[in-house]
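Notes follow once the structure below has been shown.
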Amino acid sequence: MYDAEMIEHLAAIAHDLWCARMRDKGWRTGDRYSQPQRVHDALVAFNQLSAIDRRSVLVAARSVADHVADAVDYPRGTDRELLAEEMKEGLAVGWARGAGRASSPSTSASEVGQIQGWEVEPGTPFLRLIRVRWPGGEETEHDPRLRELRRR
């Protein structure tokens with residue numbers, strides 16, 4: 001399913017992530033592995049790994065390739081995440097299919113609310129919070145990454 005070049009690329013990324021985590025934990029590169037001194041001989045560039053270490057990370061990459069591919073989602077249509085550039089007061093929204101409605105158990109799945117306000121993550125174009133007023137006057141706050149709201 002995945003060609004060798006793709007697995008090699010994924011393995012190199014996985015190794016870089018492992019190296020970053022190890023360095024964050026205080027490990028450093030050395031000629032010989034030493035747990036007491038927090039020295040690891042595999043803290044090198046992927047193309048400098050020994051054959052056995054390279055094989056280990058390639059096996060790991062093959063085993064997680066499907067999980068990585070499944071984690072990617074490119075939603076389209078009304079169920080996709082709301083975007084900051086389309087926000088405007090009064091925009092009609094409702095509950096997405098399957099949304100838990102934990103934020104507001106008193107509103108039904110068929111009700112249409114209106115955007116009252118929103119906040120953007122500082123330094124990014126991404127929404128952090130959406131405020132909605134429902135027909136009964138209740139106001140709720142939503143994390144747009146949860147995709148519990150959809151356009152109406």
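All values reported here derive from a predicted model rather than from experimental measurement.
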Can you establish whether the number of heavy atoms outside [X] located under 6.0 Å from its atom [atom1] is more than 12?
X: Asp31; atom1: CG; result: no
X: Gln35; atom1: CD; result: no
X: Leu17; atom1: CG; result: yes

Can you tell me how far [atom2] of [Y] sits from [atom1] of [X], rounded to the nearest 0.5 angstrom?
X: Arg28; Y: Ser34; atom1: CZ; atom2: OG; value: 8.0 Å
X: Gln48; Y: Leu43; atom1: CD; atom2: CG; value: 11.5 Å
X: Arg23; Y: Lys25; atom1: CZ; atom2: NZ; value: 14.0 Å
X: Glu141; Y: Leu129; atom1: CD; atom2: CG; value: 4.5 Å
X: Glu5; Y: Ile7; atom1: CD; atom2: CD1; value: 11.5 Å

With sequence neighbours excluded, give me every ring pair (Phe, Tyr, Trp, His ring centres under 6.0 Å) pair touching residues 40-64. Trp18-His40, Trp27-His40, Tyr33-His40
Sequence neighbours left out, what passes side-chain hydrogen bond (donor to acceptor under 3.5 Å, both in side chains) with [X]? Give chain and number order.
X: Asp53; value: Ser50
X: Asn47; value: none
X: Ser110; value: Ser108
X: Glu86; value: Arg80, Arg151

side-chain contact (heavy atoms from CB on, under 4.5 Å) with [X]: which residues, sequence neighbours excluded?
X: Asp143; answer: Arg145, Leu146
X: Ala69; answer: Tyr2
X: Ile115; answer: Met87, Leu91, Val93, Trp118, Ile130, Val132
X: Gln114; answer: Gln116

Report yes if some heavy atom in the side chain of Val44 is under 4.5 Å from a heavy atom in the side chain of Leu49; otherwise report no.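 Side chain of Val44 against side chain of Leu49, heavy atoms only: contact under 4.5 Å found.
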Looking at Val120, is its backbone amide N or carbonyl O close enough to the side chain of Thr124 to form a donor-acceptor pair, meaning the two atoms are under 3.5 Å apart?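 Side chain of Thr124 to backbone of Val120, a donor-acceptor pair under 3.5 Å: no, none is there.
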May I have all residue pairs that pass salt bridge (Lys or Arg N to Asp or Glu O under 4.0 Å) and include part of residues 115-130, sequence neighbours excluded?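 As it turns out, the salt bridge (Lys or Arg N to Asp or Glu O under 4.0 Å) pairs with a partner in residues 115-130, which skip direct neighbours, are Glu119-Arg128, Glu119-Arg131.
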Residue pair [X] / [Y]: nearest heavy atoms and the distance that separates them:
X: Leu10; Y: Val68; result: CD1-CG2, 4.5 Å
X: Ala84; Y: Pro125; result: CB-O, 3.3 Å
X: Glu138; Y: Thr140; result: OE2-CG2, 4.0 Å
X: Cys19; Y: Ala42; result: SG-O, 4.2 Å

Asp73: which residues meet the salt bridge (Lys or Arg N to Asp or Glu O under 4.0 Å) condition with it, sequence neighbours left out?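 Per chain and number, Asp73 pairs via salt bridge (Lys or Arg N to Asp or Glu O under 4.0 Å) with Arg147.
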Members besides Tyr74 in its Ile/Leu/Val/Met/Phe/Trp/Tyr cluster (side-chain heavy atoms under 4.5 Å):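 Once heavy-atom contacts under 4.5 Å are chained together, Tyr74 belongs with Val72.
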